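Below is one structure, written out as structure tokens, with a few remarks after it.
These values consider heavy atoms only, across backbone and side chains, with no hydrogens, waters or symmetry-generated copies. This one's a predicted model, so the numbers in the text were calculated from it and none came from an experiment. All ligand and atom numbering here is 1-based and tracks the order in the structure.
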Amino acid sequence: MAWDYPDFDDHEGVHLYHDPASGLNAVIAIHSTALGPAAGGIRFWHYAEPRAAIIDALRLSRGMSYKNAMAGLPFGGGKSVILADAAGTKTPAMLAAFGRAIDSFDGRYVAAEDVGISTGDVVAIAEQTKFVSGLPAAAGAVGGDPGPYTARGVHLGIRAAAARALGRTDMRGVHVAIQGVGSVGGALARLLAADGARLTLADFDGAKAKALAAELGATAVDKDAILTVEADILSPCALGAVLDAESIAALRVAIVAGSANNQLATDADGARIHARGILFAPDYVINAGGIINVALEYAGQASPAEVDTLIARIPERLEQVWAESAESGDPAAAVADRIARRLIGRG
Ligand code: NAD
């Protein structure tokens, strides 16, 4: 291939932006519009070099194609990345310039929040374009922060995993170690605590983990200890690429099921976790709750009940992946990729 980017997967387009007036540098990657407009969030992140930002946009946009297809949404996959400086400078002029960049796609790309972009930022971007979602919702309407919806899907997925791998019909006393108690991990911890699960929590911000642990009757551990806690389930809800040869060898759990995008550092790690007999919930299948909420908000006229119905189907998709994995002997991650690629016509 002419392009020296191993993550380039015949993306429909990769667009690079520079706005001299505001200093905005950004990438918008459209992976596939086979199922509908490319939907995916905006990441605001400081990269060591621009190439890393392009690679991130390539990987994340492909992941969005898979996620939207697996969630049964009429959307393709795209993602954008704003290259932050080391100080994380974010100005209204930058967000306005980025809004104009999104608008130039005329609806072929639909944006929303991602790491580093708040609901307030999305509101600012929406002054320039109507092709954004994840805006604050009126009472009873669909919209707002996707985090709690993602947590609901992960919660249902964890219950399905516990039923399959542990034979458990309820979560009472099931030990779940959660890495990262932010928007998703924090909401997930509350849902699991209400089920009577036993929780071990960790966060980069140790005080945050301790405060939540005190509130929920859980245990807090240091962020460097969470991946080796002996538990039933590990739920990575912080960063990507936490599962590599070293961390997988050290896991002491039966299940890995969490919200973080791109948990496997490489495809080989999907095979490694499978070889250890650990049940893995492919991240883009289990963490689709947020995009389901964002997509139905964008489509308009959807009710919160319709969001609930689609989120409730996440365990069915996981079951399909796990059943095909058990039958074929292939890792769950590879099976999920295969199903998703079939759905977007690239099988
Ligand atoms: P967040 O920023 O609200 O929370 C992440 C938390 O992880 C923070 O509290 C942070 O301090 C903590 N953290 C960072 N590094 C850590 C480390 N090394 N060890 C322990 N904790 C660490 O983000 P979020 O919205 O909760 O998202 C969490 C993950 O889920 C991200 O990977 C995100 O891409 C993914 N995700 C989120 C959504 C959503 O709707 N918010 C949807 C799909 C996927």
Side-chain angles (χ1 to χ4, degrees), residues 39-45 56-57 59-61 63-64 66-68 70-71 73 77 79-81 88 111-119 121-122 133-135 137 142-158 177-191 199-213 220-229 234-244 247 256-265 281-297 307 310-311 314:
I42 308 158
R43 182 159 294 196
F44 181 87
W45 192 254
D56 221 14
R59 293 191 61 179
L60 291 165
S61 59
M64 288 310 302
Y66 292 0
K67 187 187 300 201
N68 293 334
M70 291 296 256
L73 296 170
K79 196 90 180 186
S80 52
V81 160
E113 294 92 340
D114 190 53
V115 176
I117 291 289
S118 67
T119 303
D121 296 333
V122 168
S133 196
L135 296 161
V142 175
D145 177 12
Y149 297 92
T150 302
R152 273 158 56 181
V154 174
H155 178 231
L156 295 177
I158 282 179
I178 304 181
Q179 181 190 41
V181 290
S183 173
V184 180
L188 175 66
R190 287 194 165 81
L191 291 169
L199 299 176
T200 299
L201 311 177
D203 198 283
F204 188 72
D205 177 351
K208 185 155 83 176
K210 272 192 195 138
L212 189 62
V221 296
D222 186 79
K223 69 171 176 46
D224 296 327
I226 193 75
L227 292 178
T228 51
V229 166
L234 170 69
S235 187
C237 295
L239 308 167
V242 287
L243 301 171
D244 58 17
S247 65
V256 174
S259 74
N261 283 313
N262 298 329
Q263 288 166 39
L264 299 166
D283 40 57
Y284 58 80
V285 183
I286 196 171
N287 73 13
I291 193 72
I292 287 171
N293 195 60
V294 160
L296 268 63
E297 171 196 338
V307 173
L310 277 184
I311 291 178
I314 288 175

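Contact annotation for atom 40 (O) of ligand 1: protein present (non-hydrogen atoms, distance under 4.0 Å). At a distance under 4.0 Å, a protein heavy atom can be found next to atom 19 (N) of ligand 1.
For ligand 1, the atoms sitting less than 4.0 Å from at least one non-hydrogen atom of L239 are 15 (N), 18 (N), numbered in the order shown with element in parentheses. Interface of G180 with ligand 1, defined as ligand atoms under 4.0 Å from a residue heavy atom, comprises 7 (O), 21 (N).
Closest protein heavy atom to atom 34 (O) of ligand 1: N261 ND2, 3.1 Å. Scanning the protein heavy atoms around atom 4 (O) of ligand 1, the nearest turns out to be G182 CA, 3.2 Å. With respect to atom 27 (O) of ligand 1, the closest heavy atom belonging to the protein is V184 CG2, 4.0 Å. Nearest protein heavy-atom contact of atom 11 (O) of ligand 1 is D203 OD1, 2.5 Å. The nearest heavy-atom contact from the protein to atom 38 (C) of ligand 1 is T150 OG1, 3.7 Å. Of the protein's heavy atoms, F204 N, 2.9 Å lies nearest to atom 21 (N) of ligand 1. S183 N, 4.0 Å is the protein heavy atom nearest to atom 1 (P) of ligand 1.
Taking each heavy atom of S259 and T150 in turn, the nearest pair found is CB-CG2, 4.1 Å. Considering all non-hydrogen atoms of both residues, V181 and D203 come closest at N-OD2, 2.8 Å.
With distances taken over non-hydrogen atoms, the option nearest atom 5 (C) of ligand 1 out of G185, A112, C237 is C237. Of all the listed residues (A288, A238, G289, S259), A238 holds the heavy atom that lies closest to atom 31 (C) of ligand 1.
Judged by distance alone, with hydrogens and angles left aside, the side-chain atoms of T119 form no donor-acceptor pair with the main-chain N or O of D145 at under 3.5 Å. Looking only at distances, a side-chain donor or acceptor of D121 sits under 3.5 Å from a matching main-chain atom of S118. Panel note: side chain E297, backbone G134; a donor-acceptor pair is recorded below 3.5 Å.
S235 contributes atom OG, which lies 4.0 Å from atom CD1 of I158 (distance to the nearest 0.5 angstrom).
Residue-ligand proximity: K67 is placed with a non-hydrogen atom under 4.0 Å from ligand 1. The shell of residues lying under 4.0 angstrom from ligand 1, judged by heavy atoms, excludes G240.
Residue pairs meeting the salt bridge (charged side-chain N to carboxylate O under 4.0 Å, His left out) criterion with at least one partner in residues 281-292, sequence neighbours excluded, do not occur; the list is empty.
More than 12 heavy-atom neighbours from other residues, nucleotides or ligands sit within 6.0 angstrom of NZ on K208.
In this structure Y149 satisfies the ring-ring contact (aromatic ring centres under 6.0 Å, His included) test with no other residue, sequence neighbours excluded.
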